[in-house]
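Encoded as structure tokens, the structure appears first; notes follow it.
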There are 2 protein chains.
Amino acid sequence: MANIKDIAAKAGVSIATVSRALRQPALVKDKTAKRIEEAIRELDYTPNLVAASLRRQKADAVIIAVPSIHNPFTSAFVQGVENVARENGTKVLLALTEGDTQILDRHYDMIAGKQADGMILLDLAVPSALLARKEGAPPPPVVLACEYGEGFDQPRVRVNDVDAAADVAAHIAALGHKKVACIAGPAAQRMSRDRQRGFRLGLRRAGLELPENLIAAGDYSLESGAAGAFALLDRGEKFSALLCENDEMALGAIHALCARGLRVPEDVSVIGIDNFRFSAFSNPSLTTVSLPTTQIGEQAMRLMLDFAIDADGACREVILPHQLIERDSTRPYRG
Amino acid sequence: MANIKDIAAKAGVSIATVSRALRQPALVKDKTAKRIEEAIRELDYTPNLVAASLRRQKADAVIIAVPSIHNPFTSAFVQGVENVARENGTKVLLALTEGDTQILDRHYDMIAGKQADGMILLDLAVPSALLARKEGAPPPPVVLACEYGEGFDQPRVRVNDVDAAADVAAHIAALGHKKVACIAGPAAQRMSRDRQRGFRLGLRRAGLELPENLIAAGDYSLESGAAGAFALLDRGEKFSALLCENDEMALGAIHALCARGLRVPEDVSVIGIDNFRFSAFSNPSLTTVSLPTTQIGEQAMRLMLDFAIDADGACREVILPHQLIERDSTRPYRG
DNA sequence: TTGTAGGCGTTATCAA
DNA sequence: TTGATAACGCCTACAA
């Protein structure tokens, strides 16, 4: 592989000039630049980015840590990060952690190892180095997206999960439903707790309750949505509406209800949160709250870029709006 | 940030010894190792991977280029690559190309730039550098997965798309369907041409045809599946079975058929190819051909690793098996 | 078992 | 507008 020295030799200039021609063309005479350009073409030269990175102490890459990629929500988020990263010549490293702190830590080390400039976290877990950070130490280049524990002073972007869930509940209440069940996420997650709180809040405002026996536990997967619905039916619970903490579980639940001969929405109204790609095409199409997933990713990446410039002056929290989308899986209660 | 020099000073050894303690612990006396370890802990040292990478001329990273991440097929594939990469201490860089050759080329340059050791391509596009490769030049570290043009001597892993599609057609024919329609992918893609060929082959073996007017054009998306089904219905075509080139279009088609008051499978049997995550949970659940998507990713990464060791001796093609999965979206034809 | 020293390919400072 | 040169942090012959 040709290097900058070869180019310099071939073009009859110093390596400094070649480097300048590449990074600050304005400082190089046109004619010299032409010669260099030609040498580059002839020798098929590509700059060694690793060497540049070592010298400049900057990798132009960020890590996105996500628990899993098997979720359209994640996909849309990653797409958003990519969009902004691309505009800024930044590469995106995807880290699939599967919720494993060790895996997360190993990727986090890449920041200290200078292979990445920062990390965007869509994960429930948090790198242990972040937890161990001493008071007063400068904040590391980490942006939190949606899921997070409390007590970090990192920039973060999120939606208002409590409000979103409350909107879901309010919609169902407004349709006249009284017996309302729910499929919950893992209570260990802040997001799930927020959505639970929102459900209750929205129902209470309409004078309704969400008793424990009408709550099924899930983990945001299709499978758990189906299992949750089956569990409710097996217990003999009666309900005319089912609030699901996300769309994936809602689709799983619809599948399960129909498998038991119940009709959606005639017998049970089902509603989710996310408005992911499949929601508009399910059978019936799913009423849900639309979250600006791609924008969350874009915003997270912007916070990352801002943070790199000025860690202290950077914005610490961005909350993006959500919106209820009515489709065919909900309808007014009829006796 | 502490570097290897600081550790050497603190431990009272040379930097060579520190480096050895890190990379070839066997060559270092226990007692020395202990001192070094302690110094590392005290100074909170992390090796600079960029410097190591520059020196060793190896990045321990591979790029996966995919057109889009908005596809459960892609997700499962990436997961497979990740699985094997992780076991081998290799990082995975995700490149979302959106089918744009420029974006792909920019990522491809990272190989010449030493930021990545190779590229796994799930893309329809191919880096221009690959096309421009001269006869006799050593094959670049690129592994092709599933989608590819002809005429490359790169290692590749794929399924037999013709066979898979033929199995789909055979299943439908065996159920007694005579009027069979189809939603196709983009004819520009090899995969789509193969699946079309398979459909025809399977039907012909049963004495059936696939006339042009019963083919709707799609692009593998949910939306195009729905649009394709609508188009067939709007043209007044009659059919009792619908072959879809992938599951996503099949789900879109089911949505469209139901929206028009047709029942699946009572009025129309629908079948796809992929067996992606949602297929088992759709309404009705989808009969399809299961492709070993995650294994394709794993195999691709293994080929990448082998190729890095011995480019000429490396295996050039791996074909993985598929399997028909019967679910509720197909049934025997009844008058 | 350990140390010395050259080099990986850039970038950036300083001087010319 | 250009050139010489010192880092950047690590790895690895080679020597001791």
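Within every chain, numbering begins at 1; the chains are lettered A, B, ... in the order of the sequence lines, protein sequences first and strands thereafter. Fair warning: this is a prediction, and the values are worked out from it, not measured in the lab.
Atom NZ of B/Lys114 and atom P of D/dG9 are 22 Å apart (whole Å). Distance CG (A/Asp60) to P (C/dT10): 16 Å, rounded to an integer number of Å. Between B/Leu49 atom CG and D/dC10 atom P the separation is 9 Å, expressed in whole Å. The distance between atom NZ of A/Lys5 and atom C1' of C/dG6, rounded to the nearest whole Å, is 11 Å. Going from atom CD of A/Gln24 over to atom P of C/dA12 covers 7 Å, rounded to whole Å. Summarising the geometry, the separation between CG on B/Asn3 and P on D/dC8 is reported as 8 Å, rounded to the nearest angstrom. Residue A/Gln57 contributes atom CD, which lies 8 Å from atom P of D/dC8 at whole-angstrom precision. The distance between atom CZ of A/Arg56 and atom C1' of D/dG9, rounded to the nearest whole Å, is 17 Å.
No hydrogens or angles were tested; on distance alone, a donor-acceptor pair under 3.5 Å links the side chain of A/Arg55 to the base of D/dA7. Below the 3.5 angstrom threshold, one finds a donor paired with an acceptor across the side chain of B/Arg20 and the base of C/dG3.
Taking both residues in full, the closest heavy atoms of B/Leu93 and B/Ala116 are given as CD1-CB, 4.4 Å, listed atom of the first, atom of the second, then distance.
Between the side chains of A/Asp105 and A/Ser128, a donor-acceptor pair is found at a separation under 3.5 Å. Using modelled atom types, one finds no donor on one side chain facing an acceptor on the other under 3.5 Å when comparing B/Gln154 with B/Glu317.
Residue contacts shown for B/Ala52 are limited to sugar-phosphate atoms, with no base heavy atom under 4.0 Å away. Among the heavy atoms of the strands, none lies under 4.0 Å from A/Val50. Looking at heavy-atom distances under 4.0 Å, A/Ser53 makes no contact with the nucleic acid at all. Nucleic acid contact for B/Thr17: sugar-phosphate only, since backbone atoms but no base atoms lie under 4.0 Å from a heavy atom of the residue. Contacts of B/Ile15 with the nucleic acid, taken as non-hydrogen atoms under 4.0 Å apart, include base atoms.
Comparing B/Ser19 and A/Thr32 by the nucleotide of DNA chain D that holds the closest heavy atom to each, the one mapping nearer the 5' end is A/Thr32.
Using a cut-off of 4.0 Å between Lys/Arg side-chain N and Asp/Glu carboxylate O, A/Asp153 and A/Arg316 are scored as salt-bridged.
No more than 12 heavy-atom neighbours from other residues, nucleotides or ligands sit within 6.0 angstrom of CG on B/Asp30.
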